[in-house]
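Both counts, for ligands and for their atoms, begin at 1 and track the order of listing.
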Amino acid sequence: MASNNLKIDNATLPFLGGKRKMSERISSHFQGETLCDVFFGGGSVSLKGKQKGMRIIANDIAYRSKIIGDALISNSTVKLTDEDVYSLFILSENDGFIEKNYVPKIFIPKVAKDLDNFLANARKRESPKKELLLLLVEKYILSLRQYGAFQVGKFDNEMILEKREIELLELASESRGKKIKYNLSHPLPSLLRLKEQINTGIFNNGKKNEMYQMDCFDFLKLMKEKGERMDTIYFDSPYYNSTMYSSHYKVLDEILEEKTGVKIDDKAFNTKDVLENFEKLFALSEFIPKWVISMGYNPVSETGVRGEELLAIVKKFRDADLYFLEHTWALNNIASKSGKKQEDCVEYLIVTK
Ligand SMILES: C[S@@+](CC[C@H](N)C(=O)[O-])C[C@H]1O[C@@H](n2cnc3c(N)ncnc32)[C@H](O)[C@@H]1O
């Protein structure tokens, strides 16, 4: 098994709302042998639990996360080799999905052609190499983007198409310039580096770990029906009123599923029914003794849920403590203009007794 100081966090994706930095703190509340991570996301908390020797049963509604779980959680032995990375470059017939749909809005033609070819090769492989290579391509795609998002880039791509790279680089800030050069350079060194990151997250904890891709409510019903023994459940749902994961990762989801207009029904915790949906989720989790819940609240953007409000819902089922973690948000001036205090912006954990 991996030693405790091994840097495994980089194996996963730099995920929106991911808990890489807090995973040690969060997992210190886990108890028993089996952890259920019902909103897996980038998987940093499951990976930490796996490192601590717990059996992991993880779930997420999105294929982008299922790939990570299949590569790093249920797979405990197979690693990526340099040859696997080279194999992505074999010329492979494909229908040019990325080139057809995302040039120039998201990618330049060279990158789109490479990605179409990489994915065609990855999809030909058996599991778990297939998922390991898909994770490698996911990581590479996010590394090409500024802030790991898809909202910007068209302007740069159009200038590159017009062969105005030098002019563009003169215009760009240092960090944007770096990204532009990264997009223009050969992908092999980056893929080899990202492969190493993935491999640090693959280790055997001697347990049969599992990854599901289901809606959280259906998943918990299934686990109960199966009589699956679980000791701790970790809830890290999307935050109320924040960016929907299916919007933020729309392009990535379409690329991975090779179709436009992918539908993911992930709004239950983004809408005003959030508290009712938490209550429904907790009712379905009664068979699991320990609950650990991550949430945050930002009074300016009005995202998330106030700790006391969520605690009251948890207390309908069992006694719990509220732990404030850290202030995640540093826009003092916006806070003071709006008359709201920065101290009110918090990440917190609710842990049942
Ligand atoms: C805050 S993120 C989890 C982050 C994760 N703990 C990490 O450290 O990377 C929330 C996740 O919930 C998933 N999700 C949203 N609605 C869901 C639902 N109804 N059922 C299952 N998963 C859902 C999203 O796809 C997203 O990956």
Side-chain angles (χ1 to χ4, degrees), residues 8-27 29-30 35-51 56-73 135 138-139 142 148-149 201 211-223 232-250 252-254 256-257 262-271 273-274 276-282 284-285 291-298 303-305 310 325 328 347-350:
I8 57 171
D9 289 349
N10 288 336
T12 65
L13 284 192
F15 203 76
L16 176 71
K19 301 297 184 293
R20 276 174 169 188
K21 287 192 187 139
M22 295 176 227
S23 63
E24 188 62 58
R25 174 79 200 272
I26 293 167
S27 63
H29 293 282
F30 295 168
L35 170 71
C36 173
D37 185 358
V38 71
F39 301 98
F40 179 80
S44 55
V45 176
S46 278
L47 202 55
K48 187 60 81 184
K50 183 176 177 183
Q51 191 184 32
I56 309 297
I57 302 182
N59 174 67
D60 198 286
I61 200 168
Y63 183 49
R64 73 182 99 85
S65 294
K66 171 78 162 64
I67 291 170
I68 310 171
D70 287 345
L72 301 177
I73 300 299
L135 172 57
E138 273 194 79
K139 282 172 82 73
L142 293 187
M211 178 73 205
Y212 290 79
Q213 184 190 349
M214 294 178 75
D215 170 70
C216 55
F217 302 105
D218 297 338
F219 165 75
L220 284 169
K221 278 182 214 152
L222 177 70
M223 292 301 109
T232 299
I233 183 163
Y234 174 58
F235 303 92
D236 186 20
S237 74
Y239 288 13
Y240 166 70
N241 203 24
S242 64
T243 314
M244 304 271 292
Y245 281 82
S246 49
S247 317
H248 185 79
Y249 289 120
K250 180 172 179 285
L252 183 65
D253 292 338
E254 291 184 347
L256 294 170
E257 297 202 24
V262 171
K263 295 258 177 302
I264 300 176
D265 189 1
D266 60 355
K267 63 179 178 315
F269 298 87
N270 284 74
T271 61
D273 306 329
V274 54
E276 280 152 55
N277 283 324
F278 266 119
E279 191 162 343
K280 208 168 126 194
L281 201 61
F282 296 151
L284 290 168
S285 308
W291 300 353
V292 180
I293 304 147
S294 279
M295 186 40 75
Y297 180 65
N298 180 331
T303 50
V305 179
L310 192 53
L325 294 180
T328 51
E347 289 289 320
Y348 61 86
L349 284 181
I350 294 176

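A pairwise comparison of heavy atoms in Pro238 and Asn270 identifies CB-OD1, 3.3 Å as the closest pair.
Taken to the nearest 0.5 Å, the CG atom of Leu284 stands 7.5 Å off from the CZ atom of Phe217.
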TODO: Begin with the C-alpha distance, continue with both residues' side-chain angles, and end with the deciding distance and a verdict on side chain to side chain donor-acceptor pair (under 3.5 Å) for Tyr239 and Glu347.
DONE: CA-CA 11 Å; Tyr239 288 13; Glu347 289 289 320; 2.7 Å; yes
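Applying the side chain to side chain contact (heavy atoms under 4.5 Å, CB included) rule to Gln213 yields the partners Tyr63, Lys66; only residues at least two apart in sequence or on another chain are considered. Every residue meeting the salt bridge (Lys or Arg N to Asp or Glu O under 4.0 Å) condition with Lys19, not counting sequence neighbours, appears here in chain and number order: Asp236. Tyr245 pairs by the ring-ring contact (aromatic ring centres under 6.0 Å, His included) definition with Phe15, not counting sequence neighbours.
Protein residues with any heavy atom under 4.0 Å from ligand 1: Phe15, Gly17, Gly18, Lys19, Phe39, Phe40, Gly41, Gly42, Gly43, Ser44, Asn59, Asp60, Ile61, Arg64, Ser65, Met214, Asp215, Cys216, Asp236, Ser237, Pro238, Tyr245, Asp266.
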